[in-house]
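In what follows, a structure is listed as C-alpha cells, so that the remarks can point back to it.
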Number of protein chains: 2
Amino acid sequence: MAEKPPRRSDATRTAILAAARERFASDGYERATIRAIAKDAQIDPSMVMRYYGSKEGLFDAVLDVDLRMPDPQRLRPHDVGEALVDHFLTLWEENNGVLTALLRVGVTNPAGAQRLQGIFRDQVLPVAQRICPDPEQAPARAGLIVSQMLGLALARYVLKLPPAVALAREEVVAWLAPTVQRYLTAPHP
Amino acid sequence: MAEKPPRRSDATRTAILAAARERFASDGYERATIRAIAKDAQIDPSMVMRYYGSKEGLFDAVLDVDLRMPDPQRLRPHDVGEALVDHFLTLWEENNGVLTALLRVGVTNPAGAQRLQGIFRDQVLPVAQRICPDPEQAPARAGLIVSQMLGLALARYVLKLPPAVALAREEVVAWLAPTVQRYLTAPHP
DNA sequence: ACCGTAGGCCAACACTTGTTGACAGTCCAG
DNA sequence: CTGGACTGTCAACAAGTGTTGGCCTACGGT
C-alpha cells in the first residue's frame, strides 16, 4: 500500500516542508504565512496549496513527529530518569524545529493541542505503563514527567529565559534526572 | 504624580479590559481580534483604539501582572517548596485569565516572551536570591523552578493533558513541592 | 516526432485585520 | 442657557490573508 513513484517535484515538496517547519517553529501557526513559506522555498504560494491542499494540511504534514521512545525492556530501573531526560534533550536539539513548532502551535491552536495530546497518549503513555510498578498510576506519573520536560523546553528553547539557556546540557540532566526518576518510581505521596 | 480624575467612561474601559483578558487568554495574541473583544464588551472597535491606542497597547494594559511573591523573610526553609507551589497554584486559579494569556502570548509573540522574562527577572529572581544559600546559584535554581511550574501550568491549564487535569490540587502540591524544594536548596549536583 | 500530463507562475478573488476620520448624542462648567 | 469637551457609532480605508483558476512551459512515454 506504500507506493513510491518518484515524482519530479519531490525536491520542491521537501523544500516547502523544510521552509514550513522553520516558519512554524519561529513564528507559530498564525504568523507563519503561506506566502512567507513559499518565498523561503523559492516557489509560488499556489504550489503549497497544490501539494498540501491547505495551510492546515501543510501543518499536518510538518508535525508528523516520532518521539523515538526507547524500548522499555532495555531501560535499567535505577537510571531510567537520566536516560529519559537525555533522550528528550537529544530529541529536541537534533530536530529542533519540529518540536518547537509543535509546542508553539499546541499552545495557540486547539488542533495543535489535540495533536500534542495524541502524541502523549500514543507514544509516551505506553512506555510509562511498562515501567511503572503500578500501571494504574502511569498516566499521572507520565503527566508529571511531561510537565517537567515541556516546562524545561519552554523555558530553554521557546521563552529563552537566560538562566535556562545558560545551563550546560549535563547540568540540565543532573538536575532533572532525579526529578523524573522520582515521578516515575517513587511511592505515591 | 498619580492623579485620579474619575472618568465617565471607566465602566467601558474596564469592560474592554475584561473582554480582552478573556480573549487573549483563550485565543492568544493573533487570534484575539479587536472586533471580537469589542463585541464582547458591547462597544465599537474604535473605542478600543481611542482608549488604548493600539492592539499592542491594549495587550500591554492587560498583561500588567503582579505575582504577589511571598516575603522571603517569612518563609521557613523546610517547607519553602510547598509554600511556593501552593502560591503559584492559587495565583493561577484565582487569576486564571491573566496568566494563561501571558503564557499563550509569551509563546507566540516575541514581545510577550520578553514580558515574561521581565517578570521573572523583577519578581521571581529577587526572592530566590534571598532564599538561596549561595546567591550566585540563584538564577539557575530559579530557572529550574520556573521550568517546573510553567510546565505544570502548560500541561494542566493550556494543553489540558488529561492526567495533568485529573490530578487533585493537593496531589500536585505533594508531587511538586519536593522538586521545588530540591531545586532551591539541595547542593549543586 | 508528438502529445498528454505534470510542474510552475501570474493575477485575481473574497475576506479579515488594525486603524482612522467624520459625525451625532450627552454631560457639565461658565 | 450655552459652548466645549467627552463618549460613542458608522463607514471606510489600506494592507495582508488563504485560496482559486487560467495559462504557459517542458518533460517523458509511445
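This structure is a prediction, so every number in the text was calculated from the model and none was measured. All values below were derived from every heavy atom in this structure, side-chain atoms included, with hydrogens, water molecules and symmetry-related copies excluded. A, B, ... follow the sequence lines: proteins, then strands. Residue 1 opens every chain.
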> Does anything in residues 28-42 of chain A reach DNA chain C, meaning a heavy atom under 4.0 Å, and if so which residues?
Replying inline: Arg35(A)

May I have the distance from [X] (atom [atom1]) to [N] (atom [atom2]), rounded to whole angstrom?
X        : N       : atom1 : atom2 : value
Arg13(A) : dA6(C)  : CZ    : C1'   : 10 Å
Met47(B) : dC6(D)  : CE    : P     : 13 Å
Met49(B) : dC13(D) : CE    : C1'   : 13 Å
Ile16(A) : dG8(C)  : CD1   : P     : 8 Å
Ile43(A) : dC10(C) : CD1   : P     : 12 Å
Asp10(B) : dT7(D)  : CG    : C1'   : 12 Å
Phe59(B) : dG18(C) : CZ    : C1'   : 16 Å
Tyr51(B) : dC6(D)  : OH    : C1'   : 7 Å

> Is any side-chain N of the basic residue among Arg104(A) and Asp27(A) closer than 4.0 Å to the acidic one's carboxylate O?
Replying inline: no

Mind checking if [X] touches a base, just sugar-phosphate, or nothing, with heavy atoms under 4.0 Å?
X        : answer
Tyr52(A) : nothing
Ser54(B) : sugar-phosphate
Thr12(A) : sugar-phosphate

> Can you name the salt bridge (Lys or Arg N to Asp or Glu O under 4.0 Å) partners of Arg169(A), sequence neighbours left out?
Replying inline: Asp86(A), Glu93(A)

>> The criterion is ring-ring contact (aromatic ring centres under 6.0 Å, His included); which residues satisfy it with Tyr29(A), sequence neighbours excluded?
In response: Phe24(A), Phe59(A)

> Is it the case that more than 12 heavy atoms not belonging to Glu82(A) sit under 6.0 Å from its CD atom?
Replying inline: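 No, not enclosed.
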
>> Please give me the minimum heavy-atom distance between Ala138(B) and Gln129(B), naming the atom from each residue.
In response: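 Here Ala138(B) and Gln129(B) meet closest at CB-CG, 3.4 Å.
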
>> Would you compute the distance between atom CD of Glu30(B) and atom OG1 of Thr108(A) and round it to the nearest 0.5 angstrom?
In response: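 These two atoms lie 8.5 Å from each other.
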
> If each of Ser46(A) and Glu56(B) is mapped to the nucleotide of DNA chain C with the nearest heavy atom, which maps nearer the 5' terminus, i.e. the 5' end?
Replying inline: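 The answer here is Ser46(A).
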
>> Strictly distance-based, threshold 3.5 Å: is any side-chain N or O of Arg182(A) a donor or acceptor partner for the main-chain N or O of Trp175(B)?
In response: yes

>> Quick check: on DNA chain D, is the nucleotide nearest Lys55(A) upstream (toward 5') of the one nearest Arg50(A), or the reverse? Name the residue that is more 5'.
In response: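 Per heavy-atom nearest nucleotide, the more 5' residue is Lys55(A).
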
